[in-house]
Amino acid sequence: MAEAADFQGTSPSPARRWLRRTGAVLAGTPLLTGLLQLPAASPAEAAAPAAPRAASDDGSVAVSVDSLTPGAPAEGDTVTVSGTVTNKGKKTVTDASVGLRVGSLLDTRSSIDTVAKNSDDIGSPVGAEIDDKYTEKFSKLTPGVSQPYTISVPADELDLGQDGVYDLSVTLTGETSDQPWEQTLGVRHTFLPWQPDEADTKTKTTFMWPLISTVHMTAETGSDEEQTPVFHDDELAEEISPGGRLDRMVALGKDLDVTWVIDPDLLASVEAMTTRYEIPGENADDKNAVGGHQAVAKRWLTEVQKAVADKEVVALPFGDPDLASLAHHGTSVTGSLRHLKEATDVAAGTVESILHVTASTDFAWPVEGAVDPSIIKVSTSAGADKVITRGDTFEGGRDLTYTPTAPRPIGGGTTAVVADARLSTVFDSDMARASASTQAVQRFLAQSLTLALQTDRPRSVVIAPQRTPSAAQAQTMAEAIGALQDSTWSQPQDLTAAAKSKPDPDAGTEVPPASAYPKSLRKQELPRSAFEQIARTQDKLDRFKVILSNPSRVVTPFGRALNRGMAASWRGRPAEAAIYRSGVETYLDTLSSQVRLIEKSDTKLSGRSATIPVTVQNNLVQGVEHLVLRLTSTNPTRLEIDGNAYEEQPIAVSGGHSQSVKFTTNANANGRATVVAQLYTQDGRPYGQPVTFDVKVTEITATVMLVIGGGVLLLVLAGFRMYTQRKRAAARQAEEREQENAADAADADAGDAKNPEASERRPTQESAPDTREDAPEQPSDPAPDTAPESADPSGTGERVDR
């Protein structure tokens with residue numbers, strides 16, 4: 001913001017301002033006359049201070065302003081200030097008195113900042129104390145003890161003059177034993193806006209009311225039909241429970257004229273809690289830990305629906321992605337902008353389905369409104385044409401003596417909606433203490449009135465507070481907005497209307513360079529490795545989803561989880577962000593591995609051809625299809641798969657089942673052949689790990705058959721030779737016997753001729769021999785020492801006696 005904009009311009013009503021100045025002059029004339037008629041003061045009186053002297057131990061008493069009502073009084077109101085005074089010193093304070101003092105008019109926005117910075121400095125100027133009757137006295141203040149006070153003063157008694165912001169001080173005066181004189185021991189400066197009459201030109205003010213949380217859901221879902229969601233913690237239940245941060249945001253915002261800025265992920269997460277949900281590591285029987293907050297979730301969503309009815313709702317991209325991190329580190333990673341587009345596409349539908357209102361997706365909101373050209377480019381890449389920036393990082397304009405209106409055309413059909421930095425950041429600090437909250441409200445009102453008094457030009461002012469205000473911060477913001485809506489110088493306006501209002505021709509429209517981006521914010525950005533991991537996980541998801549019979553059960557939860565991995569809420573939590581992204585990738589790997597090939601042991605193959613079975617196992621709930629199983633022989637000259645080096649077969653396996661696929665193999669030679677089984681998607685990309693095993697071929701080839709046939713032939717020939725040899729031997733033996741018999745006969749005939757009686761007693765050849773058992777053995781018969789020979793050929797392998 002240009003420093004020139006700190007100077008307050010003319011009042012909105014010149015006529016009224018002239019009347020007030022004339023009245024002040026007329027009222028001061030008698031006083032001036034009286035002063036001129038007073039006798040000369042004594043030197044001692046002239047040297048007396050106009051206010052009590054400050055103590056040597058400055059700030060020995062702490063003064064707090066815990067309440068100031070009304071925050072912006074009108075004529076006829078009574079201003080009530082209450083708080084506490086605490087003796088921080090070691091000496092008891094006596095004759096203590098708490099009073100109010102109205103100081104000078106703070107006519108610039110920077111002067112308000114200065115007073116706020118030194119709000120407890122007793123050395124800073126204070127005005128004259130209001131009438132003594134509007135004080136509260138304490139006889140003594142014991143060290144370490146706090147005492148409450150309450151002072152009420154009619155606004156007419158404050159002697160407020162022209163419209164503007166006044167320095168209102170609460171001071172404590174008293175004495176101590178070592179400094180027994182009246183002195184200022186403590187002070188608290190605050191602000192009192194004063195504009196009792198309605199302004200001729202009111203400032204149109206837009207307050208963005210953010211409904212955003214951190215990431216709570218994981219990518220994991222149950223295997224049941226409802227896909228029970230899994231949360232990595234139960235902190236969201238605490239936030240939406242009565243008194244929780246998000247519960248207070250809804251309860252406070254429903255009565256305010258604000259623009260609701262909502263992260264659809266928050267709504268989707270709470271809706272998931274309306275049914276049973278799980279938390280890893282918790283006891284499933286404990287309803288308070290697992291699935292015990294359905295009623296709380298339903299109640300909160302109902303309250304949100306009521307709160308946003310007839311109000312403007314702006315939907316951020318799903319998960320509230322960190323646009324600056326994406327611009328600085330993600331655009332160089334392929335596919336990163338795809339996630340931003342998907343997050344934007346589902347945003348409006350998510351809000352409408354849950355809240356039943358139509359949400360705008362025209363706005364992009366970088367962290368703290370800090371932008372550079374690359375952030376603007378990324379912010380508008382998904383369809384948004386309005387980027388919410390902030391005045392402390394976007395130049396206000398040259399030679400301007402006022403804060404320009406919010407919309408700035410920056411080219412390419414894009415509008416930068418510049419939020420006011422002072423009004424947007426006033427609630428950033430801890431608002432748990434009542435004094436801090438009251439000071440923030442008064443400072444907010446003071447800045448708003450001073451801005452309004454800068455010029456008569458009609459202007460739109462946008463206020464973009466912190467993304468996730470605490471419950472105390474939300475309470476303070478609500479009090480400030482409520483007081484502003486009741487003021488005389490401001491009127492509420494929707495964010496869309498503010499963006500469409502007429503731009504100031506003198507306002508700056510140049511986008512800050514990359515070098516101007518705050519270093520403190522750059523240090524908190526997501527690194528390039530985060531987007532690389534997201535891209536790697538997306539690639540795995542793309543390969544996995546094509547094989548599923550119902551891919552939406554996986555694509556939707558993982559797609560939203562990848563959006564959450566880019567969330568702006570991870571800033572300042574790099575370790576937690578890395579754990580979340582790794583958890584998403586690991587879980588996807590686990591699911592993918594449920595579809596796999598069963599390991600095989602080495603196989604023996606005998607015969608010319610055989611089949612080899614390969615089993616595909618699907619442990620998913622749903623079926624898988626569009627898969628191809630390829631079996632490849634690394635040595636096709638020894639072992640072929642269906643006549644080729646490999647064969648492919650389509651695969652479809654029902655959920656929770658296995659399927660065996662048989663491949664026909666042909667053996668060409670003995671030995672070992674390595675075979676590789678691999679699943680592929682239909683686009684030819686490998687799926688899962690391959691299975692490798694060896695096949696030992698013991699096949700009987702044609703050569704072996706020829707050898708065996710030759711051996712059989714040789715055996716047959718050997719048997720035939722033995723047969724002929726035995727027949728020849730038998731014939732030879734018979735011939736020899738006949739010859740022997742003939743010789744014997746000849747000898748017998750010769751004997752008969754000599755002895756005729758012996759010849760008569762010898763039987764003839766045709767006579768049958770005596771077969772009686774007691775017949776005497778003939779000495780001429782040879783003794784039989786072998787079994788009778790058979791004339792049949794011997795069997796194969798039978799031993800033959802020669």
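Reckoned from all heavy atoms, side chains included, excluding hydrogens, waters and symmetry mates.
Scanning for side chain to side chain donor-acceptor pair (under 3.5 Å) contacts around Gln439 gives Thr190, with sequence neighbours left out. With sequence neighbours excluded, the residues that form a side-chain contact (heavy atoms from CB on, under 4.5 Å) with Lys306 are Thr302, Glu303. Judged as a salt bridge (Lys or Arg N to Asp or Glu O under 4.0 Å), and not counting sequence neighbours, Asp504 has no contacts. By the side chain to side chain donor-acceptor pair (under 3.5 Å) test, Ser520 is found to be paired with no residue, residues two or more places apart in sequence or in another chain being considered. In this view, Asp224 and Thr228 satisfy the side chain to side chain donor-acceptor pair (under 3.5 Å) rule, not counting sequence neighbours. Considering only residues two or more places apart in sequence or on other chains, Glu220 meets the side-chain contact (heavy atoms from CB on, under 4.5 Å) condition with Thr218, Val230, Tyr587. For the side-chain contact (heavy atoms from CB on, under 4.5 Å) test, residues two or more places apart in sequence or in another chain that qualify with Ala384 are Ala364. Under the salt bridge (Lys or Arg N to Asp or Glu O under 4.0 Å) criterion, Arg443 pairs with Asp113, not counting sequence neighbours. For the side chain to side chain donor-acceptor pair (under 3.5 Å) test, residues two or more places apart in sequence or in another chain that qualify with Trp489 are Ser448. Applying the salt bridge (Lys or Arg N to Asp or Glu O under 4.0 Å) rule to Arg573 yields the partners Glu576; only residues at least two apart in sequence or on another chain are considered.
Using a distance-only test at 3.5 Å, with no hydrogens or angles considered, no donor-acceptor pair links the side chain of Glu368 to the main chain of Leu521. Panel note: side chain Arg467, backbone Ile212; no donor-acceptor pair is recorded below 3.5 Å. A side-chain donor-acceptor contact under 3.5 Å links Ser470 to the backbone of Gln473. The closest donor-acceptor contact from the side chain of Thr405 to the backbone of Ser460 lies under 3.5 Å. In this structure, Thr203 contributes its side chain and Thr205 its backbone to no donor-acceptor pair below 3.5 Å. Between the side chain of Gln305 and the backbone N or O of Ile354 there is at least one donor-acceptor pair closer than 3.5 Å. Of the possible donor and acceptor atoms, one in the side chain of Ser325 sits under 3.5 Å from a partner among the backbone N and O of Leu526.
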Could you tabulate the donor-acceptor pairs under 3.5 Å formed by side-chain atoms of residues 545-552, not counting sequence neighbours?
| from | atom 1 | to | atom 2 | distance (Å) |
| --- | --- | --- | --- | --- |
| Ser549 | OG | Gly623 | N | 3.4 |
| Ser549 | OG | Gly623 | O | 3.0 |
| Asn550 | OD1 | Ser552 | OG | 2.9 |

Taking distance alone, no hydrogens or angles, what donor-acceptor pairs closer than 3.5 Å link side-chain atoms of residues 248-264 to residues at least two apart or in another chain?
| from | atom 1 | to | atom 2 | distance (Å) |
| --- | --- | --- | --- | --- |
| Arg248 | NH2 | Gln475 | OE1 | 2.8 |
| Thr259 | OG1 | Glu312 | OE1 | 2.9 |
| Thr259 | OG1 | Leu495 | N | 3.1 |
| Asp263 | OD1 | Asp265 | N | 3.0 |
| Asp263 | OD1 | Gly319 | N | 2.9 |

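Residues Gln533 and Ser582 have side chains that bring a donor and an acceptor to within less than 3.5 angstrom of each other. Counted by atom type alone, Thr476 and Ser437 present one or more donor-acceptor pairs between their side chains at under 3.5 Å. A donor-acceptor contact closer than 3.5 angstrom links the side chains of His329 and Glu525. When only modelled atom types and interatomic distance are considered, Arg528 and Ser332 share a side-chain donor-acceptor pair under 3.5 Å. Using modelled atom types, one finds no donor on one side chain facing an acceptor on the other under 3.5 Å when comparing Thr438 with Ser67.
For Lys377, the NZ atom counts as loosely surrounded, since its 6.0 Å shell holds 12 or fewer non-hydrogen atoms of other residues, nucleotides or ligands. Residue-environment remark: CZ (Arg522) exceeds the threshold of 12 foreign heavy atoms within 6.0 Å.
Between Phe531 and His339, a ring centre-to-centre spacing not shorter than 6.0 Å is recorded.
Note on Asp420 versus Arg422: no salt bridge recorded, every NZ/NE/NH1/NH2 to OD/OE distance being 4.0 Å or above. Using a 4.0 Å cut-off between charged nitrogen and carboxylate oxygen, Arg338 and Asp542 count as a salt-bridge pair.
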Quick one, Thr496 with Asp494, criterion side chain to side chain donor-acceptor pair (under 3.5 Å). Give me CA distance, side-chain angles, the key distance, then yes/no.
CA-CA 6 Å; Thr496 299; Asp494 289 342; over 6 Å; no

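Residues Arg543 and Thr681 approach most closely at O-CG2, 3.9 Å, considering heavy atoms.
Looking only at side-chain heavy atoms (C-beta outward), Met217 and Pro229 come within less than 4.5 Å of each other.
Aromatic ring pairs are classed by plane angle as parallel below 30°, tilted from 30° to 60° and perpendicular above 60°; the pair His232 and His216 is parallel.
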